Asks: 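My questions will all concern the structure given below.
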Amino acid sequence: MNTTLEVAIFLSMNGRAKEAIDFYKKHLNAEELLLVTYEDMAKRDSSLQLTEENKHYITHSVLKIGKTKIMLAEDTMDPREKYTVGNNTSWCIQSADLEEIEHFYRSLTSDDRVGIIVPLSSNVFSRAYGIIEDPFGVQIQLMYDERLG
């Protein structure tokens, strides 16, 4: 196993990500490591539908609380789902080893009980990113992140 491997908790906040980030910073001394808004993403991806209402929404953020990283965004992993407490949490497995992420994806998706929400592919923030749902209803994001190396 590669030494860059991390598993982080990912919280979907139903439009309250900024409020949650401020709360965790105030009460848990969380350190903000990354914050990307829809407006930031639209600069990289012209297909993103930017509006006055959503431009300040958070598409991705990373907080560090002690030694643990927590990721927060506005939306759930599967946009077809209505937000409810329970589908607002996922794992995010990330590594600076691209082969490791590809191996995990192939291994997970070889089980016919695993659903593919987003196939592993390149996008504006990662050379390899995908989302699956395991047989137990846990949504797992897999992401190559060279910054971990």
Side-chain angles (χ1 to χ4, degrees), residues 1-25 30-65 67-111 114-134 137-149:
M1 188 163 304
N2 190 293
T3 59
T4 67
L5 183 68
E6 288 186 350
V7 177
I9 297 164
F10 190 100
L11 303 173
S12 299
M13 302 307 294
N14 197 31
R16 299 178 68 192
K18 180 66 174 139
E19 180 184 348
I21 289 167
D22 291 343
F23 178 87
Y24 297 137
K25 285 167 70 174
E31 177 186 355
E32 186 177 299
L33 301 180
L34 177 71
L35 188 123
V36 181
T37 64
Y38 278 56
E39 190 170 38
D40 298 330
M41 284 295 287
K43 292 173 186 171
R44 294 190 231 171
D45 181 357
S46 60
S47 71
L48 189 67
Q49 297 297 315
L50 196 60
T51 66
E52 277 303 310
E53 292 79 37
N54 77 5
K55 73 179 184 181
H56 297 296
Y57 267 25
I58 296 166
T59 185
H60 186 60
S61 67
V62 180
L63 300 179
K64 188 173 180 185
I65 302 171
K67 293 182 180 183
T68 303
K69 289 181 183 171
I70 307 288
M71 299 176 177
L72 292 95
E74 306 295 352
D75 301 318
T76 58
M77 292 298 95
D78 189 342
R80 300 168 297 185
E81 290 183 325
K82 182 177 184 268
Y83 176 93
T84 58
V85 173
N87 74 353
N88 64 322
T89 305
S90 65
W91 294 7
C92 184
I93 299 174
Q94 52 189 5
S95 175
D97 183 340
L98 180 59
E99 289 178 14
E100 184 170 48
I101 291 301
E102 290 170 338
H103 166 75
F104 286 151
Y105 182 81
R106 281 191 308 272
S107 179
L108 286 161
T109 57
S110 71
D111 186 313
V114 169
I116 298 172
I117 296 172
V118 175
L120 189 71
S121 63
S122 180
N123 63 25
V124 296
F125 60 85
S126 176
R127 285 183 28 214
Y129 176 80
I131 307 170
I132 62 96
E133 184 170 294
D134 76 11
V138 176
Q139 294 175 349
I140 301 172
Q141 302 172 69
L142 298 158
M143 185 173 89
Y144 166 73
D145 188 343
E146 63 190 15
R147 297 171 299 174
L148 297 173

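None of these values were measured; they are calculated from a predicted model. For the single chain, residues carry numbers from 1 onward in sequence order.
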Asks: Just how far is it from atom CD of Q94 to atom OH of Y129, taken to the nearest 0.5 Å?
Replies: 10.5 Å
Asks: If the plane angle is over 60° it's perpendicular, under 30° parallel, otherwise tilted; pick one for F125 and H60.
Replies: parallel
Asks: Is it the case that more than 12 heavy atoms not belonging to E146 sit under 6.0 Å from its CD atom?
Replies: no
Asks: Got I58 and K18 here, is their nearest side-chain heavy-atom distance under 4.5 Å?
Replies: yes
Asks: Taking atom types as modelled, find out whether T37 and D40 have a side-chain donor-acceptor pair closer than 3.5 angstrom.
Replies: yes
Asks: Can you give me the closest heavy-atom contact between A8 and K69, atom names plus distance?
Replies: CB-O, 3.7 Å
Asks: Would you name the heavy atoms of I65 and A30 that are closest together and state the gap between them?
Replies: CG1-CB, 3.6 Å
Asks: Let me confirm one number: the CG-CD1 distance from L108 to I93, rounded to the nearest 0.5 Å.
Replies: 7.0 Å
Asks: Is a donor on one side and an acceptor on the other found under 3.5 Å between the side chain of E6 and the backbone of S95?
Replies: no
Asks: Taking the side chain as C-beta and beyond, is there a heavy-atom pair between Q139 and F10 under 4.5 Å?
Replies: no
Asks: Around atom CD1 of I116, are there more than 12 heavy atoms from other residues, nucleotides or ligands closer than 6.0 Å?
Replies: yes
Asks: Are the side chain of S126 and the backbone of Y144 linked by a donor-acceptor contact shorter than 3.5 Å?
Replies: yes
Asks: How about D97 and L5: do any of their side-chain heavy atoms sit closer than 4.5 Å?
Replies: no
Asks: Identify the heavy atoms of E32 and L63 that sit nearest to each other, and give their distance.
Replies: CA-CD2, 3.8 Å
Asks: Please round to the nearest 0.5 Å and tell me the distance separating atom CD1 of I9 and atom OG of S90.
Replies: 10.0 Å
Asks: Are the side chain of S61 and the backbone N or O of L35 linked by a donor-acceptor pair below 3.5 Å?
Replies: no
Asks: Can you find a heavy atom in the side chain of L120 that is under 4.5 Å from one in the side chain of T109?
Replies: no
Asks: Can you confirm whether D134 sits close enough to W91 that some side-chain heavy atom of one is under 4.5 Å from a side-chain heavy atom of the other?
Replies: no
Asks: Examine distances only and state if a side-chain atom of E39 and a backbone atom of L50 form a donor-acceptor pair shorter than 3.5 Å.
Replies: no
Asks: Please examine the side chains of F23 and E19, heavy atoms only from C-beta on, and report whether any two atoms are closer than 4.5 Å.
Replies: no
Asks: If you take all heavy atoms of L48 and A42, which pair is closest and at what distance?
Replies: CD2-N, 3.7 Å
Asks: How about R147 and L34: do any of their side-chain heavy atoms sit closer than 4.5 Å?
Replies: yes
Asks: Nearest 0.5 Å please: distance from the CD1 atom of I101 over to the CG atom of L142.
Replies: 5.5 Å
Asks: Does the side chain to side chain contact (heavy atoms under 4.5 Å, CB included) test come out yes or no for Y24 and L72, once each step is laid out?
Replies: CA-CA 11 Å; Y24 297 137; L72 292 95; 4.0 Å; yes
Asks: Just verifying a value: how many Å separate I140 CD1 and I131 CD1, rounded to the nearest 0.5 Å?
Replies: 11.0 Å
Asks: Please confirm whether the backbone N or O of Q49 pairs with a side-chain atom of N54, one donor and one acceptor, at under 3.5 Å?
Replies: yes
Asks: For residues H103 and E100, determine if any side-chain heavy atom of one lies less than 4.5 Å from a side-chain heavy atom of the other.
Replies: no
